[in-house]
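As structure tokens, the structure follows; a few thoughts come after it.
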Number of protein chains: 2
Amino acid sequence: MIETKKLDKIRRNNGGVDLNKNKSKLKIIPLGGLEQIGMNITVFEYEDDIVVVDCGIAFPEDEMLGIDLVIPDVNYLKMNQDKVRAIVLTHGHEDHIGALPYVLRQLNVPVYGTKLTIGLVENKLNEHKMLNDVKRTVVTPGQKIKLGDAFNIEFIRTNHSIPDPVALAIHTPAGGVVVHTGDFKVDYSPINGKPIDLQKFAELGKKGVLLLMADSTNAERPGYTQSESSVGRAFDDLFSNFKGKRIIVATFASNVDRVQQIIHAAGKYKRKVLVEGRSMVNVIGTAIELGYIKMPKKMMITFEELSQYREGQVVIITTGSQGEPLAALSRMAYDNHRHINIHENDKIIFSSKPIPGNEKSVSKVINTLFAKGAEVIFEDAHVSGHAYQEELKLIHTLVKPKYFIPIHGEVKHMRKHAELAENLGMKSDKITILAPGDVYEVNYRSAEVTGKITSDPIFVDGLGVGDVGNIVLRDRQKLSQDGLMTVVITVSKSTREVLAGPDIVSRGFVYVRESGDMMGEAREVVVKALEQCKRKNIRDWGGKMKTAMRDALRDFLWQQTKRNPMILPVIMEVDK
Amino acid sequence: MIETKKLDKIRRNNGGVDLNKNKSKLKIIPLGGLEQIGMNITVFEYEDDIVVVDCGIAFPEDEMLGIDLVIPDVNYLKMNQDKVRAIVLTHGHEDHIGALPYVLRQLNVPVYGTKLTIGLVENKLNEHKMLNDVKRTVVTPGQKIKLGDAFNIEFIRTNHSIPDPVALAIHTPAGGVVVHTGDFKVDYSPINGKPIDLQKFAELGKKGVLLLMADSTNAERPGYTQSESSVGRAFDDLFSNFKGKRIIVATFASNVDRVQQIIHAAGKYKRKVLVEGRSMVNVIGTAIELGYIKMPKKMMITFEELSQYREGQVVIITTGSQGEPLAALSRMAYDNHRHINIHENDKIIFSSKPIPGNEKSVSKVINTLFAKGAEVIFEDAHVSGHAYQEELKLIHTLVKPKYFIPIHGEVKHMRKHAELAENLGMKSDKITILAPGDVYEVNYRSAEVTGKITSDPIFVDGLGVGDVGNIVLRDRQKLSQDGLMTVVITVSKSTREVLAGPDIVSRGFVYVRESGDMMGEAREVVVKALEQCKRKNIRDWGGKMKTAMRDALRDFLWQQTKRNPMILPVIMEVDK
């Protein structure tokens, strides 16, 4: 399965008719470079026009020590700068908009998105002091825009775990239309806005869809996602049970509808709302300003006002639902929060699910909260923002695409999504799972991967973009395991005698005060290595001597400890 | 809930009768020191006798960089050395026996366990060259042993994910009996051995149980665990579907019954068995030797013989089901295995579930295998070894204890288990969740935490036991984030002039060849700092000068990069 077959077979499937005999093909290239993480940025190229869909970051893997975030390599776009017409955004999550400041600095093109999406982009550009340099256009679902000669893009209303998400219908001269779902679910009773525009998907399907690209995140899960409004009922129950208790709710800052429902419950049970955590304050601010959250002005209080209320009269909405060590809830749990101490009267609701990889740190926060006597509720008060199997089947059946690319999710999810499409009757040779950098070319006659561009992930660490590569990461890895030992000697330039040292400094290896003997012996080992060099008349301080010191120390330390610290020999020369 | 109440109330509950008026209390102290990880080692102390139940290790948390394993602090036992009669083991998992070599080296006492448990202990002692120094006694379920004056311990057959597990009935003069379940599940159709001895639990309950200590791992899960034999049926289905394909099964080395079932399936479908991975080879060897695994001799093949068979004629049983980067399956996935390359004809069965914290690394291996075209099955072929809610209810109802301590599992699981006991009618003041070091004292009149001993976790790193503490870990953490910079100068002892340097060496900070300018500037910054010291007539090389160099560099690097590498200034003095 999944492999594209030869032209012959495909032509046969079309009854031998050449449907687009004089047409170029549409090229689709997912950038990014991380095999397994959703860094969403996809190039759509038709002859002289390029449109980019989404521009996300990825969060670093465990082994990317010290890395803050990962952004895509957009070298391909820079090489084709004149062609790039726009970046079109499907919604405002970080893995879809987070790389914009980095990419726009290299490639200033107009950005299109719905109102909340552009609002969040503007926050981001503002932080990077780039707001005045970037052209933004707010679009509404149902709207169609022309980009370059080749592209007509229609925005289609969907549902997701952030308001204002859209799918895209991408019309090009390659024939037919490409339907890109973005991240989506089917919610018949969403909080803010209307249900996904299924009629539009049906209409496009009726006319003929060339290619479907659809969200695979939950392709393993049978059934349907629950509606976001079901969480409101859960909050209602919880708030009614927790009278007199302090309630703390942790959720994703970007889940604006969730926050709205907490505010509804707070209103019903006459609680004031306190918002904590930088990203939570930012997003809620933007959402209120743009009308996505409605709340009475007097309802929101600050930490200064908190003491005026009894614990049963407030709800704290906070970041930290992923167990991030520096987020507000974690600081409360670990006694590092300036204003909040967790105690037995606290009811803490996780309105979230751990993102894969965060399970352990979430568990740790939950256990710590429990150990302080609080009650923690980590079931029931959450629904997913990504379509389950039945919803995926609905979209496939409405859209009836000729070709299919599962997107968004890990390889295992995309494989499952491909299986699901096959079970609905699609031939496996019409389905392709793309890896980053794959060049996929499609029109009515064929769809296949025709090439590969390099698109390595770029690491951001502090202010540095791309200055941390694999060598630096390997060193950090080594340092993290066994620490380091620096050994320094000063030698005379003329006589080659050792004038001072060897001095040994170690960090992260053993606690020095308790291992004084070993350090003394290590010094001896270096002295002996130097004497041996002298006897052999080796005088190459830069190379051979350093190597001799390093090797002798390494062998000694391994034998003593079965550890392998990084060893840094430094030789200073003085005129004497 | 969970707090113990005053004597009055307890006496009232016993109708005012003082049941043990002249009795001492039984002390129970869980050692370990890790709040949230099951490092199972529990002290039972009655007057002049101590018995220790289990002696496990914990695996390091993410932030314990470079640590190999974590063992308990047994200082309390060393201080009471003369009292300690034995270590009694419930089963052979690492978190119950792994610390034996370290503890027995400090405290040589006899060890009791069932046949397979002692077999695995002997493997371990052998590796540590301690086999001849330790007295081991094999017991059988149903047997009762006397330890010291105070303790009579009865071994009760249970079921778990390793053969030969036992619960303990601990009789002491404190009155009644303590039932300690160990890790258990209820399996009515186990592979090897018989179902859990429910009649014994009932008999003890009938006579009156003082205290129940029971496994909480799956207290959050409703219903029953499936029988281990259900996995056999799953293997049968999978093997019958995968004719002609190479089958690779990853599971826990210690799950001997699982391995037996894979061998059964291999026999039925005429496949040879190849065992890969050090711990898998060890455990299966011991299990075959002791009669826990039965297989025809000719069935097992080596890598040398592998080429004689077609892919459909073998099954490879391997370690790596937890995504451990160095385990055999991971090496196959990441192209680091000497004999096996993954390809499209491979069917890879994960007969396991990720242990909390391993989800991400397991996903990574699965995705990598999928990306190579293999099919990965990670559902269906596993059952848990820990009782679900209905099984816990069964044990509570049979045993009907006066007091209850939930054990084994995270705090959230123990809380849930306490809730379950309350729902069965137990009063919350009879239930106590212990933290490591808590001294719990119990007899028929009362049960309460009366004190606390210190019992910090001890880190093992290579050969070092306890030589890596919090300072070393903090240094490793810092080094792992932003690397380090060493800055060295040589000065004249007499004139205080700088004779050589500053030389700067950095690792894990930025890739040096691309940041030559910054290193040059950093050197200037140090030179300036030294000049300033000179102007201020600061001559304290060891203290103030080093601080001045470090501070100047730190500020410069932060401003340039927003990173904070560890800075190590070294000053060498020479006579000149």
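As the structure is a computational prediction, the values presented were derived from the model and not from experiment. The sequence lines fix the lettering, A, B, ..., with proteins before strands; numbering per chain opens at 1. Side chains included, hydrogens not; waters and symmetry mates left out as well; all remaining heavy atoms used.
For the atom pair A:Leu65 CG and B:Asp482 CG, the distance stands at 10.5 Å (nearest 0.5 Å). Note that CG of B:Leu463 and CD of A:Gln559 are 9.5 Å apart. Values are rounded to the nearest 0.5 Å. Taking CD from A:Glu419 and CD from B:Glu375, the interatomic distance works out to 6.5 Å, rounded to the nearest 0.5 Å.
Side-chain atoms of A:Thr490 and B:Thr490 include a donor-acceptor pair closer than 3.5 Å.
With a threshold of 4.5 angstrom between heavy atoms, B:Glu63 approaches chain A through side-chain atoms but not through N, CA, C or O. There is no contact between B:Gln477 and chain A, counting heavy-atom distances below 4.5 Å. The parts of B:Val488 that come within reach of chain A are both its backbone and its side chain, each placing non-hydrogen atoms under 4.5 angstrom from that chain. Of the two parts of B:Thr486, only the side chain, counted from C-beta on, holds a non-hydrogen atom closer than 4.5 Å to a non-hydrogen atom of chain A.
Per-residue heavy-atom pair counts under 4.5 Å with chain B were compared for A:Ser480, A:Gly462, A:Gly357, and the maximum is reached by A:Ser480. Most heavy-atom pairs under 4.5 Å with chain B: of the set A:Glu220, A:His413, A:Arg474, A:Lys478, this distinction falls to A:Glu220. Ranking B:Met566, B:Gln481, B:Lys562, B:Gln560 against chain A, the residue ahead of the rest is B:Gln481, based on heavy-atom pairs under 4.5 Å. Between chain B and the options A:Gly508, A:Pro325, A:Gly483, the largest number of non-hydrogen pairs under 4.5 Å is found for A:Gly508. Interface remark: of the candidates A:Asn358, A:Leu484, A:Val505, A:Leu484 forms the most heavy-atom pairs closer than 4.5 Å to chain B.
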CA sep, side-chain torsions, deciding dist, call: B:Glu410, A:Lys364, salt bridge (charged side-chain N to carboxylate O under 4.0 Å, His left out): CA-CA 9 Å; B:Glu410 302 167 27; A:Lys364 240 178 126 171; over 6 Å; no

Verdict with reasoning, B:Asp503 to A:Met572, per side-chain contact (heavy atoms from CB on, under 4.5 Å): CA-CA 8 Å; B:Asp503 279 12; A:Met572 313 274 301; 3.7 Å; yes

Candidate pair B:Asp575 and A:Leu499, rule side-chain contact (heavy atoms from CB on, under 4.5 Å), full reasoning: CA-CA 8 Å; B:Asp575 293 317; A:Leu499 302 177; over 6 Å; no

side-chain contact (heavy atoms from CB on, under 4.5 Å) between B:Glu359 and A:Lys360, worked out: CA-CA 9 Å; B:Glu359 295 87 350; A:Lys360 192 82 177 262; 5.6 Å; no

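With sequence neighbours left out, B:Arg563 forms a salt bridge (charged side-chain N to carboxylate O under 4.0 Å, His left out) with A:Asp461, A:Asp467. Scored by the salt bridge (charged side-chain N to carboxylate O under 4.0 Å, His left out) test, B:Asp475 finds no partners at all (sequence neighbours excluded).
When the shell of 6.0 Å around NZ of B:Lys372 is examined, it contains more than 12 heavy atoms from other residues, nucleotides or ligands. Crowding of A:Asn470 atom CG: a count of heavy atoms from other residues, nucleotides or ligands under 6.0 Å not exceeding 12.
Closest non-hydrogen pair, A:Phe370 versus B:Arg415, comes out as O-NH1, 3.2 Å. The nearest pair of heavy atoms linking A:Asn367 to B:Val411 is OD1-N, 3.2 Å. Considering all non-hydrogen atoms of both residues, B:Glu573 and A:Ala500 come closest at O-CB, 3.3 Å.
Side-chain atoms of B:Arg507 do not come within 3.5 Å of backbone N or O of A:Arg476 as any donor-acceptor pair.
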